Structures are given as structure tokens and as C-alpha cells.
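Notes follow the structure.
By convention here, the first residue in the shown sequence is residue 1. Treat the numbers as computed from the prediction; the structure is a model and nothing was measured. Excluded from the calculations below are hydrogen atoms, water molecules and symmetry mates; all remaining heavy atoms, backbone and side chain alike, are included.
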Amino acid sequence: MGRYIKIHEDIKVPVAKNIFYALRVIWKAEKALPISYVLSRLTDNVFELFIQNILFLKVLLSVFDSGGDFKAYFKDLILFFIVAAVCKISSWALAYVRQVAAKKTLKSLNNMVFEKAASLDVSCYENPEFYDKYQRANLVLTSSYFDLICSDIADIVSGIIALILVIVTVASVNPVYLLFLLPTVFVFLVETFKSKAVYRRDLKMTGNNRTKAYIQRTVFLKDFSKDMRTSNIFAVMMKRFKAAIDANVEILGSYGWKLFLYSVFSTALSEFIPIVGTYAYAGYQFAKKSSMTVSGFSVVVSSINTVREATLRVAEGFDDMTQMALYFQNLRDFFEYESKIVSGTKKVGNFESLEFRNVSFRYPSASKNSVNNVSFKLNKGEKLAVVGVNGAGKSTLVKLILRFYDADEGEILLNGVNVKEYDLESLRTSFATVFQDYRNFAVSVFENVICRECSDEDKKRAEEALKKAGVWEKIRELPSGGDTLLTREFDRDGAGLSGGENQKVSAARLFASNFEVAILDEPSSALDPIAEYKMYENLIKETENKTVIYISHRLSSAVLSDRIIVLEGGRIIETGSHSELMKSGGRYSEMFALQASGYNREGDDNE
């Protein structure tokens with residue numbers, strides 16, 4: 001049996017509230033969209049369902065029932081063509097307005113989603129449940145649900161108006177016919193149950209769809225191409241892909257009969273009972289009792305098809321709108337998510353000190369602490385190296401300093417003030433940070449370094465930074481030099497840099513920035529020892545009289561630091577200068593000797 005993520009949720013979604021919420025969001029994004037939809041559907045549906053199918057037929061046949069001549073008939077015909085032309089021209093104009101408004105709405109909603117996504121806690125991106133919610137929320141945009149809900153509301157409003165006009169016309173012929181139309185009222189109830197079942201089905205398929213999307217994406221990404229072709233991982237991925245599809249098929253099958261029965265009931269209530277009842281009674285009155293005129297009979301027969309069509313449109317509108325309301329719940333949850341990391345109000349001044357006081361932290365899904373009772377103080381102008389094996393908790397310290405997460409115990413003080421009291425943007429921009437999981441973007445090399453559109457002066461500064469990072473010689477050889485787009489995803493002349501070259505471009509951001517405190521989280525993980533040493537030489541030169549925190553499992557940075565902290569299992573097990581720690585013969589001394597012997601062996605092999 002296919003493996004898939006089981007979601008146990010008691011779905012209680014306030015449909016009406018979500019519909020109003022959706023309308024408020026759309027109205028805020030672009031008022032012209034719902035207005036143009038309603039006016040367009042009113043023009044189309046009222047004309048087609050009432051004026052054309054009922055009113056015009058009744059008027060024309062009444063001319064002959066009353067003994068009128070062809071001249072009177074022709075006048076009514078001309079009037080109909082004028083009304084039809086006006087309706088058609090209005091429909092074309094509104095369709096154009098609607099298309100433009102839809103594009104503006106999508107742009108506005110995308111901006112709202114991007115801004116919200118940028119404000120979310122980093123922890124959200126490490127939470128699978130959040131990704132499921134985000135995917136369902138994003139579906140509102142990618143599947144144009146905002147457009148569909150406007151269409152559904154317009155269909156419901158125009159369909160109800162057309163229904164009222166038709167029912168009034170039918171009642172003027174004989175009120176008994178209204179009894180055969182009564183079952184259509186229950187169609188809306190059936191369609192509501194059906195839409196909830198469809199939503200539950202789609203909800204259960206979300207995890208599998210996310211798995212499919214991930215596999216479809218990785219198969220085409222350059223980063224995975226070599227591993228896909230030199231290992232059996234492709235077969236493993238395809239097995240997961242098939243399992244996700246099989247699981248979705250199983251879910252679809254489990255809801256198949258239920259949805260089929262809902263459709264049967266809906267069809268019986270909206271079509272079978274009204275049509276058979278009306279045709280039978282109208283035929284009896286016309287043929288046996290002769291109590292109905294030709295115009296009356298034609299209007300009743302035409303009206304039942306019109307009522308059926310209008311009811312189906314309204315029912316489908318309710319069905320779709322209920323589903324849209326359920327999906328808009330996800331968008332609502334996304335927009336209403338409140339960050340656990342709450343920004344303070346204070347602005348960060350000139351750096352004086354950074355202090356950890358008995359800080360402990362555990363990731364939400366972890367079984368043990370990543371940081372345990374850590375205390376240290378870093379003063380202005382000091383260079384601190386935090387070393388340890390992978391998983392020792394080094395990078396977690398960076399996340400806590402920048403408030404990607406908040407400590408569970410203890411406190412972190414910047415200039416003697418708890419970091420929670422600082423404005424988040426002010427806090428994070430007060431540090432120049434280079435991460436080990438660096439990312440360069442599909443913009444020019446210069447823009448990757450300066451992180452904005454570059455003036456000529458910016459480009460000169462970026463060039464100097466790239467020289468200090470040791471990658472300018474490579475960049476200047478590119479087709480457009482520093483203006484070359486990184487990656488070939490959007491430009492076949494884009495730069496395809498190696499891992500080390502990409503890391504140097506990322507590190508160049510530090511050289512290009514004006515900073516007081518630098519945090520270097522494994523800034524040379526993709527570099528060879530010689531390139532690493534040269535980069536650190538430049539870093540030491542550039543950071544003279546500045547405060548630096550080196551995070552690394554390599555110890556080349558530690559030698560150049562004023563003080564070293566050795567982490568193991570999230571705890572500080574040693575602290576001191578390089579010479580002090582080497583003399584003590586502890587864990588740091590062992591690690592340094594081991595790495596030095598590795599470098600020596602590498603040098604011998606190269607010889």
C-alpha cells in the first residue's frame with residue numbers, strides 16, 4: 001500500500017466568514033474585479049435565462065394569442081435585437097475590464113503573500129505542517145481561486161435574480177408549478193456536503209502532492225543532476241513518486257462512491273423531479289383540460305429548462321464557493337499567523353559587547369537541547385572562534401544571536417540589553433553575516449555582492465570585495481564580467497560557478513559591507529586549505545579593530561582569534577587562546593593535531 005501523510009483533522013470551517021474574508025482581501029487588492037464580474041454575469045445570465053428564453057417568447061406568442069398582426073410582432077423583434085446588442089457590447093467591455101483587474105489582483109495578492117512569507121519565523125521553514133498549509137494557501141493564487149470565487153458569487157447573484165424573475169413569470173401562469181420547483185432548494189444543501197467531501201479529499205492528498213512536486217523539481221535541478229546519474233537515488237525517488245501517486249489513487253477511490261451519490265441526489269433534485277412533474281402537469285392542462293394558452297404552455301415548458309439551468313449555475317456556484325471558502329481558510333491562517341519571535345522597539349547602537357548568560361535551547365522537534373547552559377562574553381574589537389565537530393551547536397548560536405529562534409532558558413545581551421528588546425531589522429542588520437549554507441541568486445554577480453541594483457560606484461565596491469574574496473579573476477573572464485547573471489536558469493550566457501567560487505561570491509558581501517560585527521558561519525566550507533588560508537588572511541586584514549565571531553569545525557580560523565570556545569554536545573568544554581588550549585592538551589589540542597595531520601597527508605599526496 002502507498003505511503004502517505006495521514007492528516008487527522010476535524011474540519012470546522014466557517015464558510016460564510018471565509019467568503020466575506022475572501023471578498024475583503026480581493027476588494028483590498030482590486031475593487032474592479034468583483035464589480036466587473038457581477039455586472040458581466042448579470043448582463044449575460046439575466047439576458048440569456050430570462051429575457052431571451054422566457055420574456056421574449058412570452059411577448060411574441062402573446063401577440064398571436066391576442067390576435068395581433070405581424071407588424072406588432074416585428075416591433076417586438078426589433079426591440080429584442082436592440083436589447084441583445086446592448087447586452088453583448090456590455091459583456092465584451094466588462095470582459096476586458098475583468099481580465100485587466102484579474103492581473104492586478106494577482107500581482108497585489110502575490111505581493112501580500114511574499115511580504116508575509118518574508119516576515120515569518122525561520123522555524124516555519126523547518127516545519128512540514130507549515131509547508132502543507134503554505135502550499136494550500138499558495139494554491140489560492142496559483143489556481144486563481146480569487147478569480148473563481150468572484151465568478152461564483154457573480155453566478156449566484158445573477159442566477160438568483162434570474163430565478164426570481166422566472167418564478168414570478170411562471171406564477172403568473174399558474175402557481176401550482178412552483179411546487180415542482182421546490183426540490184431545487186435542497187440542491188444547495190447536497191452541494192455543500194459534496195464540497196466539504198472534496199476538500200477533505202484534497203486535504204489528505206496535500207502531503208503526497210508535496211512529495212510529487214519535490215521529486216519533479218529535483219529531477220530537473222542542476223544541484224541534483226550528478227547524484228541522480230551516478231547512484232541509485234533516482235530509483236529511490238521514483239519509488240517514492242509512485243508511492244505518492246498510488247496513495248492519491250487510494251484516497252480518490254475512498255471518496256469516489258460518496259461523491260457519486262451526492263451527484264445523483266443533486267441531479268434528481270435539480271432535474272428529474274422538476275422536469276418530469278412540470279411536463280406532465282403542463283401537458284395534462286394543455287391537452288386534456290384545454291385551460292392553457294399556447295404562450296402559457298411554451299413559457300412553462302421553457303421556464304422549467306431555464307429554472308434547471310439557473311439552479312445548476314447557482315448550485316455549482318455555491319459548491320465552488322464553499323470549496324473556495326475552505327481553501328481561503330488556509331490563506332487566512334497564513335495571513336493571520338503571528339510570529340513567535342516578536343520584534344522589540346529599540347534600535348541597536350554602536351557595538352560594545354555581546355553576552356550569553358546561561359543560555360539553553362532545544363529545537364521544536366528535537367529530543368534534546370542543541371545548546372546547554374552556555375555563557376560567554378564578547379567585547380568590542382575581540383575576535384572569537386567557536387569550534388567543534390558537526391552538530392556541536394555552533395550554528396545554533398548564530399540563530400539565537402540573530403533571533404531566528406529565542407532561547408528557552410537564560411538570556412542574550414547586546415550592549416547590556418536583552419536582544420528581545422531590539423527591533424528585529426535593526427538587530428539583524430547590525431551584524432554582517434556569512435552563512436555556511438550560503439545562497440547566491442539568479443541576478444548579476446555585482447547585485448549578489450551589493451544586494452541591490454548597482455550604480456557605477458556600487459560596482460567598483462563590489463569589484464574590490466570580489467578581489468578580497470579571491471574570485472575576481474574568475475568573474476572578470478565571464479561574458480559580461482560582474483554584470484553576468486549567476487546561474488544559467490534564465491540566461492544561457494549566465495555563469496556556472498563551482499561551489500568554492502560561489503562561496504567566495506557570497507563571502508564578498510562581507511567585504512563590501514560597512515560593519516562593526518561580523519559573524520562567519522563556516523565561510524570556507526567549500527574551499528581548499530590554501531584558498532581558505534588566503535580568505536582568512538584577507539578577513540583578518542579587513543576586520544582589524546572590528547569584532548568577529550568565527551564559527552567553524554576547521555581550526556585555521558581559531559589560530560587567528562583572540563579567544564576560542566570549544567563546543568561539544570551543546571556545552572562549552574574548553575575556552576582560551578590557541579596557545580593556552582594547545583598547552584592544556586584537551587579536546588581542542590586533539591582536534592588541531594588530527595586536522596594538521598590530515599593537511600600534511602594531503603600535501604604529501606599532492607607532491
> Does a donor on one side chain sit under 3.5 Å from an acceptor on the other, for E352 and N415?
Replying inline: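 Distance-only check fails for E352 and N415.
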Is the shortest side-chain heavy-atom distance between [X] and [Y] below 4.5 Å?
X    : Y    : answer
I215 : M238 : yes
I401 : F431 : yes
D483 : E447 : no
I572 : V566 : no

Any donor-acceptor N/O pair, [X] side chain to [Y] backbone, under 3.5 Å:
X    : Y    : value
N372 : G570 : no
T433 : I519 : no
N358 : G410 : no
N448 : V443 : yes
S108 : K104 : no
N418 : L413 : no
K394 : G388 : yes
E336 : D333 : no
T575 : I564 : yes
Y405 : P364 : no

Between [X] and [Y] (salt bridge meaning N to carboxylate O under 4.0 Å), is one present in this structure?
X    : Y    : answer
E516 : K546 : no
K340 : D406 : no
R362 : D408 : no
E464 : R461 : no
E382 : R563 : yes
E473 : R476 : yes

> Take atom NZ in K116; do more than 12 heavy atoms of anything else shown fall under 6.0 Å from it?
Replying inline: yes
Heavy-atom pair of closest approach, residues [X] and [Y]:
X    : Y    : answer
G585 : S589 : CA-CB, 3.8 Å
I26  : F146 : CD1-O, 3.4 Å
V371 : V359 : CG1-O, 3.3 Å
S561 : K383 : CB-O, 3.6 Å
T484 : P479 : OG1-N, 3.9 Å
G482 : S444 : O-CB, 3.8 Å

Using the side-chain contact (heavy atoms from CB on, under 4.5 Å) definition, which of the options [options] pairs with [X]?
X    : options                : result
L384 : L354, N379, L378, V548 : L378
L567 : T396, V387, L397       : L397
L427 : R403, E421, K420       : R403

>> Let's go through Q329 and Y21 carefully: what are the C-alpha distance in whole Å and the side-chain angles of both, what is the deciding distance for side-chain contact (heavy atoms from CB on, under 4.5 Å) to 0.1 Å, and is it a yes or a no?
In response: CA-CA 9 Å; Q329 177 70 46; Y21 174 80; over 6 Å; no
>> Could you go through R571 and N373, starting from their C-alpha distance and side-chain angles, then the distance that decides it, and tell me whether this counts as side chain to side chain donor-acceptor pair (under 3.5 Å)?
In response: CA-CA 7 Å; R571 296 182 181 276; N373 197 32; over 6 Å; no
> Between R357 and E355, does a salt bridge (charged side-chain N to carboxylate O under 4.0 Å, His left out) hold up when you go through it step by step?
Replying inline: CA-CA 6 Å; R357 287 185 184 172; E355 183 177 3; 3.1 Å; yes
> In Å and rounded to the nearest 0.5 Å, what is the CG to CG distance from D456 to D458?
Replying inline: 9.0 Å
> Could you walk me through whether V398 and V386 pass the side-chain contact (heavy atoms from CB on, under 4.5 Å) check?
Replying inline: CA-CA 10 Å; V398 180; V386 182; over 6 Å; no
>> L466 vs V449, test: side-chain contact (heavy atoms from CB on, under 4.5 Å). Steps then yes/no.
In response: CA-CA 8 Å; L466 290 163; V449 174; 3.8 Å; yes
> Which of these passes side-chain hydrogen bond (donor to acceptor under 3.5 Å, both in side chains) with Y588: E574, E580, H578?
Replying inline: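 When E574, E580, H578 are each tested with Y588, the side-chain hydrogen bond (donor to acceptor under 3.5 Å, both in side chains) holds only for H578.
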